[in-house]
Structure formats: structure tokens, C-alpha cells
Amino acid sequence: MSRLRVTDESVYRVRMFKERGYERRKCPKCGAYFWSLKERDDCGDAPCADYEFLINPSKYRSTPLTVAESQDKFLNFFRRLGHEVIKPYPVVARWRDDLYLTIASIVVFQPHVTSGIVPPPANPLVIAQPCIRLEDLDSVGYTFGRHLTSFIMGGHHAFNYPNKKVYFTDETVEYARDFFVKELGIPEDELVFKESWWEGGGNAGPCFEVAVGGLELATLVFMMYRSVDGEYEEMPLKVVDTGYGIERIAWFTQKTPTAFHAIYGDLVKSFHKVLSLGEAPDELLRTAVKYVGRLNPRDPEKYVLLKERVASELGLDVREVDELLDREVKVLALLDLTRTAALMLADGVVPSNTGEGYLARLVLRRLFRLMALLGGLDYGKVAKLFELEAGYWRGLFPQIRGHMGYILDVVDVELSRFKEILRKAPAVIRRFAKKAGRIGVDELITLYDSHGIPPDVVAEEAERLLGLRINIPPNFYELVASKHSRAPIKGRKGKAKLPDEVIRAVKLSNIPETEAIFHKDPYAREFDATVKLAVGRYVVLDRTCFYPEGGGQACDTGVLVFEDGVERRVVNVQKVGKVVVHELDSEVPGDVVGERVHGRIDWLRRYSLMRHHTATHIILGSARRVLGDHVWQAGAEKRVEGARLDITHYKPLTLEEIRRIEDTANRVVDEGIEVKARYMGKYEAEGRYGFRLYEGGVILEPVIRVVSIDEFDAEACFGTHVLNTREVGAVKIVRAERIADGVVRLEFVAGSRVSDYARRLEERLNEVSKILGGEALQRARALTEELKKVRDRLKLFKQAYREAVLSELKRSERRVNGVRVFTHVMRIPDTEVARWVLQKLSSENPDAVALIVIPGSKRLTVEISAGSKVAEVVPANELARRAAKALGGKGGGKATHATLVTDPSVGSDALVNFILNEVRKVLGKSC
RNA sequence: GGGCCGGUAGCUCAGCCUGGAAGAGCGCUCGGCUUGCAACCGAGAGGCCCCGGGUUCAAAUCCCGGCCGGUCCA
């Protein structure tokens with residue numbers, strides 16, 4: 001965390017500290033300033049302090065609360081203070097294009113509210129938001145629950161606008177004090193407010209970390225700066241952003257040895273039972289917890305130290321402590337990871353190799369690995385764990401139980417993938433060990449990076465297979481990460497489809513929003529308008545029927561008629577903000593600003609686009625009904641000839657599923673459902689339709705245009721649609737393919753294009769029939785049979801030819817200085833046959849030299865072979881080289897076999913004679 | 001979105017670095033041994049070496065492009 005300050009410390013001097021006599025003190029351990037009523041040795045927060053609340057529980061008496069009770073207590077307290085309770089958002093942050101997961105309650109209001117574009121749904125408000133953070137994925141459990149991958153963040157937020165102040169630092173601190181002291185019964189003496197600085201998501205501000213008994217229970221952030229290029233700029237909007245750890249409150253009040261025991265209650269026992277493991281003795285955990293608060297368990301050396309201390313205190317063997325503690329920590333981590341995975345999957349994440357899908361896979365892989373290490377990874381057990389979570393959280397997170405079918409199906413698929421990696425691991429490890437001669441750090445990294453084999457698996461297998469001892473560097477995952485370049489979290493692609501100067505001119509001109517006739521009446525084909533701006537071939541009007549490219553829908557084309565009476569074609573239409581720019585096929589003559597124009601769009605093109613656009617919504621809704629709630633749009637394109645829709649799904653579609661999607665879509669078409677486009681308030685629309693609205697992407701506006709097909713489908717959409725599904729006519733899916741891990745692409749046609757598609761198929765079939773000479777299907781069957789026969793026959797002939805060439809070659813035998821030499825000139829050139837024959841001959845006659853000339857119009861090829869016995873004396877490659885040099889040509893090879901290529905003009909006879917001569921010369925010398 | 005790895009017989013893979021006549025195991029077919037099965041022994045069938053281009057006398061092998069699959073990171 002940055003210690004940068006742009007504000008003086010006065011911001012931390014809130015009203016309450018003065019009124020109630022809090023003093024500002026400095027922590028001798030971390031140097032941070034904090035406020036408390038009484039003198040203290042430290043700032044009261046890990047790792048400066050122990051888990052005091054567990055070591056001396058009587059000092060921190062409070063009523064034990066479950067997670068649900070903690071949440072209720074928190075929400076009700078702030079409701080009584082005038083905060084409106086907001087329903088929690090999904091853990092997958094689909095409304096944001098810079099984050100995958102909801103990592104804090106404030107994420108729910110970013111960036112639309114914090115940037116001032118949209119007012120908050122209520123002000124002030126309070127929310128209990130389930131959050132997911134994967135930073136501590138590998139060390140979950142080791143801090144006994146201080147770190148979790150999924151947790152509920154209780155946040156009360158106030159948005160202070162320049163003209164409307166709600167409340168800020170003074171009130172926030174007082175609320176915190178009242179909540180902890182009056183509501184939870186914590187003695188005020190033990191409260192510590194530590195001064196700190198918070199930064200995140202481009203915002204920053206001072207904050208207080210509120211710690212009690214060694215546990216931070218809340219963070220109170222006062223977001224007031226925007227960080228721009230490393231500098232802080234004060235924001236007009238000042239936001240109270242608080243985060244109360246609901247699970248931590250439950251832990252604190254229950255004082256169980258670990259947070260997991262407080263959060264998961266009976267589940268701790270159930271998980272052990274499913275895994276057939278005994279629970280660690282309470283005494284062991286209670287002893288360990290004394291050190292967990294202060295030691296950083298991610299530091300392996302410190303962790304060893306912790307175990308040693310626990311062992312000596314309990315009079316146990318270190319190995320025993322080590323085993324029991326490691327095992328317990330893994331089981332506890334599983335409780336957290338299962339919930340995290342369940343929450344992500346319940347929100348419809350499809351595991352994949354990119355985006356949030358990858359994060360889901362990461363959690364599942366970690367979960368599987370832990371189970372494998374605990375000695376039992378099978379689907380039945382994993383499924384049981386998820387079912388236990390679903391049952392346990394049915395009150396707070398009913399969505400888990402609601403999506404159990406999908407969750408278990410995905411777990412099954414992912415487990416198979418993981419097992420596949422483990423199955424392949426030995427072969428890959430062997431290959432690496434062989435290639436590199438060892439398995440060092442580089443090999444470990446590549447094995448993990450490219451093959452997904454974790455280093456501990458490599459070490460295990462390498463020892464088992466090859467007897468190799470492998471050292472895993474402690475900073476292994478850092479090394480992996482350092483291999484990858486850092487890029488923006490979510491890539492934004494934006495290619496300008498207009499020249500820069502046009503965009504600049506439009507922005508400078510301050511032209512008001514173009515009146516969208518295409519929205520008011522999508523059936524309007526002609527219109528009159530006034531020219532507002534003209535730059536070269538680019539024209540802006542005050543109103544238009546021309547739909548600009550957007551939302552995956554191609555733009556309209558058509559004509560504009562200016563006052564000179566000349567029709568100019570509109571070839572491209574784009575948006576700059578809310579201003580529509582028409583690109584013409586030629587420049588506009590002179591100054592046309594203020595002129596009246598008449599426009600006409602190409603109606604058939606537009607109508608086809610409208611039909612395909614509505615069809616896309618229908619297909620999406622159908623896919624969701626057939627496949628499940630996890631189906632989201634991953635991309636779409638609507639063209640005149642057809643459309644395509646990419647959906648998230650975890651396995652390839654079966655033919656039956658495709659047909660059911662198509663049937664469902666056509667039923668919706670036949671039902672004749674009204675397609676409504678209307679403007680709604682953001683929160684109203686979200687409340688009514690959920691985040692399904694943002695299939696096509698995030699919309700950062702207080703009022704959004706919602707296109708709905710009754711209850712079947714509703715999306716925030718800018719496009720033009722037909723008024724009734726009946727107008728789509730019909731839908732035909734023409735292709736379904738898996739384009740990426742977790743993404744299936746559906747291509748389809750609608751309306752009259754279905755007929756076009758059918759005609760194309762018909763024409764192709766006719767063409768095939770014509771070529772085959774008869775009814776296509778029948779002829780194809782017959783021809784396939786025939787082809788098989790011909791192939792078999794050809795094989796026989798080829799065999800016969802081989803034999804013939806071989807026998808002719810054999811007959812050509814002559815003796816040159818005691819060596820048998822065979823020569824043959826092929827009549828039907830066939831390199832493959834020549835090689836086969838030579839191989840056969842020389843293996844039967846190791847004392848022979850043989851050559852076959854393969855004539856050709858462009859070149860003359862000679863394959864030369866020397867039997868194993870004579871190859872040393874008469875190397876074939878030597879012969880080829882000499883001939884190439886003397887006769888012109890190229891050649892080479894090895895001692896037993898060589899190839900020579902010359903110009904045909906050399907002639908077969910000359911070639912053969914030359915080589916014979918060379919053989920004679922070589923043998924003459926050596927004899 | 002980017003990095004890395006892979007694509008050779010029905011399956012699992014070797015060969016590729018260092019170019020020179022396509023391999024192993026399993027499976028399959030047939031035969032032997034067996035009352036039969038398994039095992040064992042013997043023989044055989046089975047290959048656009050992912051696709052396209054380039055370099056070369058010669059490419060599974062080297063280079064470039066593409067497709068497909070896997071994996072890691074953001």
C-alpha cells in the first residue's frame with residue numbers, strides 16, 4: 001500500500017476523537033499512527049498484534065453471531081440510521097469492463113456512480129455484498145481465516161456531491177464506533193482506528209482501519225482523489241466507502257479457533273467426514289492461533305517456526321504437528337474454495353482459458369489439487385462438498401442450490417480435464433527430463449506454464465519415475481508471473497471507423513444529438529433533414545433514418561439528395577457520441593450547411609438487418625432455455641445475409657441441442673410476440689430484468705433503451721428491431737462450432753435468407769448430382785464403393801510394377817572389379833517404387849551397387865543404392881557428387897543411398913556409363 | 001488480449017535438435033498353443049507425418065503463414 005499522502009493529517013482528526021478523548025499514537029512496530037482511548041503497545045492489527053481476541057476472549061465479550069446474523073445486524077443498524085438496503089449484486093462484475101469479479105462493495109457503484117454519470121440507487125445506502133478476491137488463493141487457510149477468497153463485505157456508502165452533502169468522515173467514524181460498541185458490545189477501550197491510505201481503480205483517499213483484539217473488522221475509506229498519471233486530483237464527488245468484514249465479525253463474536261469454524265459451523269465436521277479425515281484437536285488449533293496472527297504464514301521459514309513452537313508448547317513431535325496442521329489447513333481452505341467456485345458458477349461463469357472463465361478454472365484446479373493431496377479426488381466427493389455448501393448457504397446464497405445441475409455438470413467436465421493433465425504428466429515429464437537432461441527451474445516453469453503441471457506434481461512424479469530430486473524455488477509463482485507481460489485487465493478494442501479530422505470536427509462543432517428516426521419509427525424509409533456539418537464526404541444532419549453501425553448491427557446504406565438535385569450514395573454511417581455521421585461516395589459541392597436534404601435508406605437491406613437482429617435476441621433466449629442460465633452473449637454480428645451469435649457454454653453442442661434451439665426460436669417466431677423498445681431508468685431496468693440486460697456490453701447511462709420480447713428476452717440494445725417476432729419469418733441455424741474454450745458460435749439466417757440458404761444447398765446438391773451423373777446420394781454411395789475397389793486394384797498393380805522393376809533390375813547384373821552392379825531405367829517414373837526396389841535389392845545383396853534412372857521431362861533423377869558391405873568402399877553419395885560435378889547437376893545423400901538430379905539432355909545412357917566408370921575407378925584404386 | 005507447448009498408425013506416443021529409404025507399445029486380423037478364455041509365441045493389415053507456401057538434389061525433420069487442441073498470465 002502506498003504511503004503517499006497528498007493531504008495533511010488533519011483529515012484524520014475527526015470530531016469523535018476529540019469529543020471522546022481518543023489520542024493519536026504511533027505503532028512502534030509498523031510506524032503507523034492510530035487513535036485509541038488507552039495506551040497500547042501496537043496498532044492492534046495483524047501482523048503487529050496477536051489474535052488477542054482469541055487468546056484473551058474475556059476481554060472482548062460479545063454475543064456470538066453467525067454469518068447471517070452478523071449480516072442482519074450490520075444491515076439493520078445502518079437501516080436505522082437512514083440507509084436504504086440495496087440487494088447484493090452478482091460476484092461476476094459484468095457491468096464493468098475493467099474488472100472480472102466483484103472485489104468490494106464499491107465495485108457495484110463503479111464507474112457509473114463514482115464518476116458522476118449516474119446517481120446512486122439510494123443515498124446513503126447499505127449493502128451486504130458477496131465478494132471474491134483471488135490474490136490469496138494459494139495461502140487460504142494458513143491465516144486461519146483472516147484471508148478468504150470469498151467473503152461478504154458490508155458497506156455503507158454515502159455519495160457527497162458538491163451541491164448535496166450526505167455525510168463524511170465525522171459521521172462515518174461515529175457510526176463505526178456505535179456499531180462495534182453499542183451493537184456488538186465490544187468495550188470501547190479496545191477499539192483502534194489506524195490511519196492509512198487507500199488506492200484502487202484509479203481512485204484514492206485516506207482511510208481508517210478499525211481493528212479490535214488483533215483483527216481488522218472494518219475499513220473506512222474516504223474516496224476523494226482521482227489518480228491521474230501518478231498525480232492526485234481532487235474529485236468533486238466525495239465518497240464514503242466502507243467495508244465491514246461480515247465473516248470476521250462472526251469469527252470475532254464466536255471466538256472459534258479459526259474463522260472457518262465460525263463461518264461454516266457444522267460444515268467443518270461434514271467436510272472432514274466426506275474426506276474421511278479426522279479433525280485436528282481443538283487444543284492444537286487454539287495453540288497455533290496464538291502465533292498465526294503475528295507470523296506471516298506465507299513465509300515458509302516462519303511457518304516452520306510456528307510449528308516448532310506449537311510442538312514444544314504441547315509436548316508433541318514436530319512432524320505430528322506438521323502433518324495435522326497442514327491437513328487441517330487444506331480442509332479449511334476447501335470450505336472456502338468450494339463456496340467461491342459455487343458462487344462464481346451460480347452466476348453463470350463458464351470455465352475457459354480466458355477472462356473470468358479462467359479465474360473459475362483456477363479456483364477449481366486449486367480445489368482439485370488440494371483434494372488430491374488429501375488423498376482422494378473423485379467426482380462423488382467433490383459433488384458432495386458442493387452439495388453441502390448449497391444446503392448450508394440456502395438462506396444467504398440460494399442461487400447455489402438453484403444452479404446445482406449446472407455446477408455439478410461443470411465440475412464433472414473440469415475434473416475430467418484436470419485428471420487428463422495428471423494422466424499425461426508422466427510422459428511430458430519424461431520428455432522434458434530427456435531433452436534437457438535434468439529438470440531445473442526452467443523446465444519446472446515450462447511444465448507449469450505450457451502444460452499446467454504444478455511443480456509439486458512434477459517433483460513427485462520425477463522422483464517416482466526417474467529418481468530425480470527436484471528443488472522448487474520458493475518464489476516459483478513469481479517467476480512464472482514475471483514471464484508474462486502485463487496488459488490491461490480487460491482489453492478494450494476500439495478502431496476508429498472515421499478519419500480523425502472528421503471526429504475532431506464533430507466534437508468541436510458542438511452539434512446536438514442527432515434525432516434518431518430509426519428508433520422512433522424503424523419502418524421509416526424516407527425523411528427530410530437539414531445539414532448541420534459537412535467535411536469532405538462526411539455529412540451530419542439534424543435528424544436521420546440511417547442507422548449507424550453499432551451494437552453488432554451493420555449500418556444502413558441509401559441515398560441523400562441535396563438541393564442541387566444530385567443523388568449521392570451513403571456508403572457508411574457511424575456514430576460520434578450521439579451524433580450520426582454519414583459517409584458519401586463523393587464530396588459535397590461547396591457549403592451545404594443549412595441546406596435541406598432528402599434521404600432514403602435501402603429498405604431491403606435494413607429490413608434484413610432488423611430481422612436478423614431480432615432473430616439474434618430470439619436465438620439467445622432460446623439457447624438460454626435449452627442450455628441453461630450460464631449462456632451469455634460473448635459477441636454477435638448482424639449482417640444482411642445472416643448473423644452470428646457467440647454464446648458461453650462449456651461443451652460442444654450436440655446436434656439435438658442445436659435442433660432444440662432452432663425449434664424453440666421458430667416457436668417464438670410463430671407465437672407472434674410483440675417486440676418492444678422503450679427507455680427505462682437504469683435501476684428500474686436492472687431490478688426488473690437483472691444483469692441479463694447487458695448481454696451486448698456495459699451501458700454507462702442513467703436511462704437505457706431496453707428491447708424486450710415479453711418475458712422471453714430483454715436486452716439493453718441500440719439496434720433496430722421488427723415490431724413482432726412473426727416478422728422474422730423463420731430462423732435456420734446453419735453452423736455451430738466451438739470457437740474457443742467455453743465459447744460456441746452459432747451462425748444462422750432469418751426471413752427470406754432462409755430461402756436463399758435452402759436454394760444454395762439445392763444448387764450445390766444439383767451440381768454434385770451433375771458431376772456424379774445421377775441422383776447424388778445413390779451415386780456417391782456407388783462411387784465410394786468403386787473408388788475402394790480401384791484403390792485396391794491400383795495397389796495390386798503397383799505391387800506388380802515393383803516386382804517387375806525388381807526382376808528387370810536383377811537381370812541387369814554385371815560385375816565391375818568383383819562388385820555386382822545393377823542398373824535400370826524406369827519406363828513409368830515413380831520415385832516411391834524405385835526406392836522400394838533399391839531397398840529390397842540392397843538388403844538382399846549387401847555386396848551390390850544398384851541404380852535406377854527415373855526419366856522426366858524437366859529433370860533426370862537417379863536413385864543410387866550401395867549395399868551395407870560395399871558402402872564403405874563405394875559410397876553412394878560420393879558417386880552422386882562426382883557425377884553431379886562432371887555432368888552438371890546436384891546430388892547427395894548418405895553412403896548407402898543417394899539421389900542425383902541432372903538435366904534430361906545428359907541422357908540416361910551417358911549417366912549410367914559415367915557412374916559405372918566411377919565405380920570402376922574407385923574399386924581400381926582401392927584394390 | 002498476449003506468451004508458451006503440442007498436432008506422426010484406431011489409441012498412447014518416439015523420431016524433429018544435427019534433413020537422407022516412417023517406428024514402438026497397446027488395440028485389430030489371421031495362425032500356433034489351449035476343452036474354452038486369458039496369457040504366451042508367430043505372422044499380417046493399418047500412415048495426405050494437421051493444412052498451405054518456402055529453402056534444398058532431398059523435408060515428418062529447417063523457415064514463414066494458417067487451422068486445430070492444450071496451458072499459463074492479464
Side-chain angles (χ1 to χ4, degrees), chain A residues 97-101 134-135 137 351-359 361-362 365 416-418 420-432 434-437 442-455 476-494 634-635 652 737-742 791-792 795 831-843 850 852 854 856 858-868 871 875-877 879-881 883-885 887-903:
Chain A
D97 57 11
D98 56 341
L99 267 184
Y100 293 123
L101 298 172
L134 300 182
E135 287 86 0
L137 185 62
S352 74
N353 53 6
T354 56
E356 63 269 26
Y358 175 68
L359 299 180
R361 177 166 290 162
L362 201 63
R365 290 262 163 102
S416 307
R417 291 177 79 112
F418 183 69
E420 184 65 12
I421 290 176
L422 293 186
R423 194 187 62 74
K424 282 187 173 167
V428 180
I429 291 167
R430 264 207 200 92
R431 197 167 77 215
F432 267 68
K434 195 180 155 194
K435 210 169 205 166
D442 287 352
E443 284 73 29
L444 276 179
I445 291 176
T446 311
L447 280 165
Y448 178 67
D449 212 16
S450 301
H451 302 275
I453 308 171
F476 178 78
Y477 290 95
E478 281 170 39
L479 291 174
V480 172
S482 67
K483 275 193 64 177
H484 299 274
S485 61
R486 278 162 211 286
I489 303 173
K490 279 191 189 178
R492 275 194 227 194
K493 44 187 170 177
E737 56 176 345
R738 216 174 74 112
I739 57 159
D741 202 4
R791 273 192 177 148
D792 289 346
K795 219 168 173 178
T831 315
E832 208 183 299
V833 168
R835 286 188 176 173
W836 183 89
V837 168
L838 287 176
Q839 191 184 353
K840 181 102 180 159
L841 185 95
S842 53
S843 69
I852 296 181
I854 308 161
K858 282 189 185 139
R859 56 193 199 172
L860 199 58
T861 311
V862 188
E863 297 284 338
I864 308 167
S865 140
S868 55
N877 52 352
L879 292 177
R881 254 201 307 276
K885 208 171 172 187
L887 302 173
K890 288 171 174 176
K894 35 180 215 181
T896 53
H897 179 260
T899 314
L900 167 67
V901 177
T902 65
D903 194 82

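So that the names make sense, note that chain A is the first sequence line, chain B the second, and so on, each numbered from 1.
- In this structure, CZ of A:Arg417 is placed 13 Å from C1' of B:C72, rounded to the nearest angstrom.
- Across every strand in view, B:A14 sits unpaired, with no contact that passes the Watson-Crick or G-U test at under 3.5 angstrom.
- For B:A74, there is no paired nucleotide, since no Watson-Crick or G-U wobble pair has both relevant distances below 3.5 Å.
- Across the strands present, B:G65 finds its partner in B:C51; the criterion is a Watson-Crick or G-U wobble pair with both atom distances under 3.5 angstrom.
- Going from atom CD of A:Glu356 over to atom P of B:A74 covers 14 Å, rounded to whole Å.
- Straight-line distance between the P atoms of B:U61 and B:A21: roughly 14 Å, to the nearest whole Å.
- As a whole-Å value, the separation of A:Leu422 CG from B:G70 P is 16 Å.
- Pairing partner, B:A43: B:U29, with both Watson-Crick or wobble hydrogen-bond distances short of 3.5 Å.
- Here A:Asp442 pairs with nothing under the side-chain contact (heavy atoms from CB on, under 4.5 Å) rule; sequence neighbours left out.
- For the P atoms, the distance linking B:G15 with B:A74 amounts to 33 Å, nearest Å.
- A:Asp449 has its CG atom 11 Å from the P atom of B:A74, to the nearest Å.
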Could you go over nucleotides 50-59 of chain B and give all protein N or O partners under 3.5 Å, atom names and distances?
{"from": "B:C57", "atom 1": "OP1", "to": "A:Lys890", "atom 2": "NZ", "distance (Å)": "2.7"}
{"from": "B:C57", "atom 1": "OP2", "to": "A:Lys890", "atom 2": "NZ", "distance (Å)": "3.1"}

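- Computed from coordinates, the A:Phe476 CZ to B:C72 P distance equals 11 Å when rounded to whole Å.
- Backbone-only contact: A:Leu362 has heavy atoms under 4.0 Å from sugar-phosphate atoms and none from a base.
- In this structure A:Val901 satisfies the side-chain contact (heavy atoms from CB on, under 4.5 Å) test together with A:Arg859, A:Thr861, sequence neighbours excluded.
- Counting heavy atoms from C-beta outward, A:Arg361 and A:Asn353 have side chains that approach closer than 4.5 Å.
- With rounding to the nearest 0.5 Å, the separation of OH in A:Tyr100 from OG1 in A:Thr354 is 7.0 Å.
- Applying the ring pair (Phe, Tyr, Trp, His ring centres under 6.0 Å) criterion to A:His897, with sequence neighbours excluded, gives no partner residue.
- One atom, CD1 of A:Ile864, and another, C1' of B:A21, lie 14 Å apart when rounded to the nearest Å.
- Comparing the P positions of B:C33 and B:G25 gives an interatomic distance of 24 Å, to the nearest angstrom.
- Under the side-chain contact (heavy atoms from CB on, under 4.5 Å) criterion, A:Leu841 pairs with A:Leu806, A:Leu809, A:Lys810, A:Phe822, A:Asn845, A:Ala850, not counting sequence neighbours.
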Report summary line: With B for base contact, S for sugar-phosphate-only contact and - for none (protein heavy atoms under 4.0 Å), nucleotides 5-17 of chain B reads SS------SSS--
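- With sequence neighbours excluded, the residues satisfying ring pair (Phe, Tyr, Trp, His ring centres under 6.0 Å) with A:Phe418 are A:Phe368.
- A:Gly889 comes within 4.0 angstrom of nothing in the nucleic acid, heavy atoms only.
- Taking atom C1' on both nucleotides, B:U8 is separated from B:A59 by 14 Å, rounded to a whole Å.
- Side-chain contact check for A:Ile421 versus A:Ile453: some heavy-atom pair is nearer than 4.5 Å.
- Between the P atom of B:A21 and the CG atom of A:Asn877 lies a distance of 12 Å, rounded to the nearest Å.
- Evaluation of the side-chain contact (heavy atoms from CB on, under 4.5 Å) rule for A:Ala884 yields A:Leu900 as partners, not counting sequence neighbours.
- Protein atom CG of A:Leu359 is 8 Å distant from nucleotide atom P of B:A74, rounded to whole Å.
- Checked by atom type and distance alone, the side chain of A:Ser450 never pairs as donor or acceptor with a backbone atom of A:Leu447 at under 3.5 Å.
- Using atom C1' as the reference point in both B:U29 and B:G70, the two lie 35 Å apart (nearest Å).
- Within the nucleic acid shown, A:Thr896 comes within 4.0 Å of at least one base atom, counting heavy atoms only.
- Using a 4.0 Å heavy-atom cutoff across all strands shown, A:Ile453 reaches no nucleic acid atom at all.
- With a 3.5 Å ceiling on both atom-pair distances, B:U35 lacks any Watson-Crick or G-U wobble partner.
- If you check every strand for non-hydrogen atoms under 4.0 Å, A:Arg430 touches nothing.
- Taking atom C1' on both B:C41 and B:U34, the two are 13 Å apart, rounded to the nearest angstrom.
- The side chain of A:Arg361 places an N or O atom within less than 4.0 Å of a non-bridging phosphate oxygen (OP1 or OP2) of B:U71.
- Rounded to a whole angstrom, the distance from the P atom of B:C67 to that of B:A60 is 23 Å.
- With rounding to the nearest 0.5 Å, the separation of CD1 in A:Ile852 from CD1 in A:Ile864 is 11.5 Å.
- Considering only residues two or more places apart in sequence or on other chains, A:Arg430 meets the side-chain hydrogen bond (donor to acceptor under 3.5 Å, both in side chains) condition with none of them.
- The residue among A:Gly355 and A:Leu447 whose nearest nucleotide of RNA chain B is located toward the 5' end is A:Leu447.
- Taking atom P on both nucleotides, B:A39 is separated from B:G46 by 25 Å, rounded to a whole Å.
- Residue A:Ser842 is classed as a base contact, given a heavy-atom separation below 4.0 Å to a base.
- In this structure, B:U56 makes no Watson-Crick or G-U wobble pair, since no nucleotide meets both defining distances under 3.5 angstrom.
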